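Here is the structure we will look at, set down as structure tokens.
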Amino acid sequence: MVMNACEEVAMEEKQFNCPVEASLSVVGGKYKSIILFHLMTEGTLRFNEIQKLIPQATIKMLSQQLKDLEGEGVIHKEIYPVVPPKTEYSMTEFGETLRPIIMAMCDWGRTYKQDMIK
């Protein structure tokens with residue numbers, strides 16, 4: 001069976017049954033929201049700086065989460081051709097649209113932490 005270009009694209013698109021599913025597909029990974037929070041609050045970061053901020057993440061897991069976020073277009077990866085290689089990550093303009101969501105999660109988490117102490 002021969003498919004046209006529109007049919008091929010439709011097959012590659014993600015299917016979501018709920019808008020929350022779409023949001024979670026971008027920020028719902030094990031460390032994705034944490035990575036976004038640090039990039040939003042710290043600015044541009046190198047891989048090793050992100051690794052120090054999220055010490056519980058393995059190098060493999062952190063690399064995958066960064067790759068996923070870059071693939072979604074929410075972060076930008078800049079590789080500098082120097083020895084040793086220098087890689088920096090920053091928020092994209094599209095990624096900045098997640099700021100209210102990530103900051104709301106931060107606020108909620110802060111309140112939750114305080115309420116749990118009581």
Side-chain angles (χ1 to χ4, degrees):
M1 179 177 171
V2 177
M3 290 186 280
N4 66 35
C6 292
E7 289 172 326
E8 288 177 27
V9 170
M11 289 182 66
E12 292 175 11
E13 289 179 16
K14 297 176 185 175
Q15 299 295 316
F16 302 110
N17 298 314
C18 167
V20 173
E21 247 184 299
S23 300
L24 288 176
S25 77
V26 177
V27 300
K30 190 163 185 174
Y31 300 109
K32 290 178 184 178
S33 297
I34 301 168
I35 292 166
L36 293 172
F37 170 76
H38 287 301
L39 289 174
M40 288 175 183
T41 57
E42 306 285 329
T44 300
L45 295 169
R46 294 178 68 174
F47 182 87
N48 64 341
E49 293 172 318
I50 297 169
Q51 190 177 17
K52 286 177 187 173
L53 292 166
I54 312 171
Q56 68 275 25
T58 64
I59 291 173
K60 181 180 178 182
M61 177 61 78
L62 189 56
S63 296
Q64 184 60 54
Q65 299 283 279
L66 288 163
K67 183 178 179 180
D68 291 350
L69 289 167
E70 183 185 14
E72 293 288 350
V74 295
I75 67 170
H76 172 71
K77 178 181 178 179
E78 184 74 34
I79 301 172
Y80 296 92
V82 294
V83 178
K86 177 181 170 183
T87 304
E88 292 182 337
Y89 295 89
S90 59
M91 297 299 298
T92 63
E93 188 175 329
F94 176 60
E96 281 293 332
T97 64
L98 291 167
R99 183 177 290 274
I101 296 164
I102 299 299
M103 292 303 133
M105 289 173 65
C106 179
D107 292 342
W108 187 90
R110 190 175 291 119
T111 301
Y112 175 73
K113 250 176 72 176
Q114 289 171 350
D115 289 349
M116 293 302 293
I117 294 170
K118 294 177 184 177

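Bear in mind the structure is a predicted one, so any value in this text is a computation, not a measurement.
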request  = First locate atom CD1 of Ile34, then atom NE2 of His38, and finally report the distance between them rounded to the nearest 0.5 Å.
outcome  = 6.5 Å
query = With hydrophobic residues grouped by side-chain heavy-atom distances under 4.5 Å, do Leu39 and Ile59 end up in a single group?
reply = yes
message = Ignoring hydrogens, what is the shortest heavy-atom contact between Met40 and Leu98? Give both atom names and the distance.
response = CE-C, 3.7 Å
query = Does atom CZ of Phe94 have more than 12 heavy-atom neighbours from other groups under 6.0 Å away?
reply = no
note = So NZ of Lys77 and CZ of Phe47: to nearest 0.5 Å the spacing works out to 9.0 Å
Donor-acceptor contact present, side-chain Thr97 to main-chain Glu93, <3.5 Å = no
ask   = Is it the case that more than 12 heavy atoms not belonging to Lys86 sit under 6.0 Å from its NZ atom?
value = yes
inquiry  = To check you understand the geometry: which heavy-atom pair defines the closest contact between Thr92 and Gly73, and what is its length?
reply    = OG1-O, 2.6 Å
ask   = When you check the gap from the basic side-chain N to the acidic O, do Arg99 and Glu96 get nearer than 4.0 Å?
value = yes
task = Starting from the C-alpha separation in whole Å, work towards a yes-or-no answer on side-chain contact (heavy atoms from CB on, under 4.5 Å) for Met103 and Thr41.
result = CA-CA 10 Å; Met103 292 303 133; Thr41 57; 3.9 Å; yes
ask   = Taking all atoms of both residues into account, what is the closest heavy-atom pair of Met105 and Ser33, and its distance?
value = CE-OG, 3.8 Å
ask   = Just how far is it from atom CD1 of Ile102 to atom CE of Met91, taken to the nearest 0.5 Å?
value = 7.5 Å
request  = Please name all residues satisfying side chain to side chain contact (heavy atoms under 4.5 Å, CB included) with Ser23, sequence neighbours left out, ordered by chain then number.
outcome  = none
request  = Determine yes or no for a side-chain-to-main-chain donor-acceptor pair under 3.5 angstrom, with Glu88 supplying the side chain and Glu78 the backbone.
outcome  = no
key: Backbone N/O of Asn17 and side chain of Glu21: donor-acceptor pair under 3.5 Å   = yes
ask   = Could you state the interatomic distance from CD1 (Ile54) to CZ (Phe37), rounded to the nearest 0.5 Å?
value = 10.5 Å
Gap between atom CG of Leu62 and atom NZ of Lys32 - 0.5 Å precision = 12.5 Å
task = Find the distance between CD1 (Ile50) and OH (Tyr89) and round it off to the nearest 0.5 Å.
result = 6.5 Å
Linked, directly or transitively: Leu24 and Val26 (ILVMFWY side chains, under 4.5 Å) = no
message = As a test of understanding, state which of Ile35, Leu69, Val27 forms a side chain to side chain contact (heavy atoms under 4.5 Å, CB included) with Val74.
response = Leu69
request  = Would you indicate whether Gln56, at its atom CD, is surrounded by more than 12 heavy atoms from other residues, nucleotides or ligands within a distance under 6.0 Å?
outcome  = yes
